[in-house]
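Residue numbers count from 1 along this sequence.
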Amino acid sequence: MKDYSGYLICSDFDGTLSFGQINEKNIVAIKDFMKYGGKFTLCTDRRGEDIVRHSLLPFKLNAPMIGLTGSQIYDTQENRVVEAHCLDNSWIELVDELAEKIKYNQVIEIVGNVNVYKFHASNKEEKKRVVEAAMCETIYKITGYTDYKGDAYIVPGLEDICYGRYSATSNGPATYEVTALGIDKGYSAHRNID
């Protein structure tokens, strides 16, 4: 008899579990894993609320979802945030530094508890309007999309900006995500083991 008790699988969503849809064989395997005691959840940059609202899964997660690059742990059964790790008010200075010190054309997203605010880093007026609008929300993370095409895994300059103050992650050299110090998908996955 199969017994997956004590095992937790965390899967990214976009481009990992789903490529526009989830493969039927994967759905069967995940349901089987959960049926025999395994815990399965997502570990994604999406919000838990969005996964639930858009009914993106053909099965129910049986462990809290890790969302917003680890900044949110979301219970999809109860439809509520059970843990949030947001940026403190220094996110405003962080956005200024990212816009000024990252020497590549970029779009910056400020991800709040309700909305996502975007601006082109080179447009100071647009940046000012967007930052002012975002100030009414709690901010989970900052995401950047650049035109960097070099060999470094993470866009040059980002580590210098974040070192000792924030966590910086990347899924490729041209994009980055900045979260509160010590907060990432791995941290939140570990929290899910408890």
Anything under 3.5 Å between a donor and an acceptor, one on a side chain of residues 49-57, the other on a protein residue two or more places apart or in another chain? List them.
from, atom 1, to, atom 2, distance (Å)
E49, OE1, Q72, NE2, 3.0
D50, OD1, R53, NH1, 2.6

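Summarising the geometry of I66 relative to C10, their closest heavy-atom pair is CD1-SG, 4.0 Å, with the distance given to 0.1 Å. Between D75 and E78, the shortest heavy-atom contact is OD1-N, 3.0 Å. The shortest heavy-atom contact between T44 and M65 is CG2-CE, 3.5 Å. A134 approaches W91 most closely through the heavy-atom pair CB-CH2, 3.7 Å. Residues L8 and A63 share a closest heavy-atom pair of CD1-CB, 4.0 Å. Minimum interatomic distance between A180 and S167 (heavy atoms only, all atoms of both residues): O-OG, 3.4 Å.
Here N105 contributes atom CG and Y148 contributes atom OH; the two are 15.5 Å apart, rounded to the nearest 0.5 Å. Atom OG of residue S90 and atom CG of residue D96 lie 11.0 Å apart, to the nearest 0.5 angstrom. Taking NZ of K103 as the start and CD of Q106 as the end, the distance is 10.5 Å to the nearest 0.5 Å. How far CD of E159 is from OG of S170: 10.0 Å, rounded to the nearest 0.5 Å.
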Q: Dump the intermediate steps for side-chain hydrogen bond (donor to acceptor under 3.5 Å, both in side chains) on K141 and S71, then the final yes or no.
A: CA-CA 7 Å; K141 66 177 184 169; S71 296; over 6 Å; no
Q.
Run S188 and D184 through side-chain hydrogen bond (donor to acceptor under 3.5 Å, both in side chains) and show every step you take.
A. CA-CA 7 Å; S188 293; D184 55 29; over 6 Å; no
Q: Any chance you could lay out the side-chain hydrogen bond (donor to acceptor under 3.5 Å, both in side chains) test for N115 and E137, step after step, and finish with the verdict?
A: CA-CA 8 Å; N115 297 300; E137 290 197 44; 2.9 Å; yes
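Between the side chains of T175 and N171, at least one donor N or O lies within less than 3.5 Å of an accepting N or O.
Hydrophobic clustering of Ile, Leu, Val, Met, Phe, Trp and Tyr side chains at less than 4.5 Å, counting indirect connections, unites I92 with I110. In terms of hydrophobic clustering, with Ile, Leu, Val, Met, Phe, Trp and Tyr side chains grouped at heavy-atom distances under 4.5 Å, V107 and I102 are assigned to different clusters. The hydrophobic clustering, which links ILVMFWY residues whose side-chain heavy atoms are closer than 4.5 Å, places L94 and V130 together. Cluster annotation: I183 and Y166 are assigned to distinct hydrophobic clusters (Ile/Leu/Val/Met/Phe/Trp/Tyr, side-chain heavy-atom contacts under 4.5 Å, transitive). Placement of F13 and I27 within a single hydrophobic cluster is found when ILVMFWY residues are connected by side-chain heavy-atom separations under 4.5 Å, directly or transitively.
Inter-residue side-chain proximity for C43 and D12 is flagged as unmet; no heavy-atom pair is nearer than 4.5 Å. Contact of the L98 side chain with the L158 side chain is registered, since non-hydrogen atoms from C-beta on lie closer than 4.5 Å. Counting heavy atoms from C-beta outward, L42 and L17 have side chains that approach closer than 4.5 Å.
A centroid separation of 6.0 Å or more is found between the aromatic rings of Y140 and H85.
A ring-ring contact (aromatic ring centres under 6.0 Å, His included) with F33 holds for exactly one of F59, Y4, F40; it is Y4.
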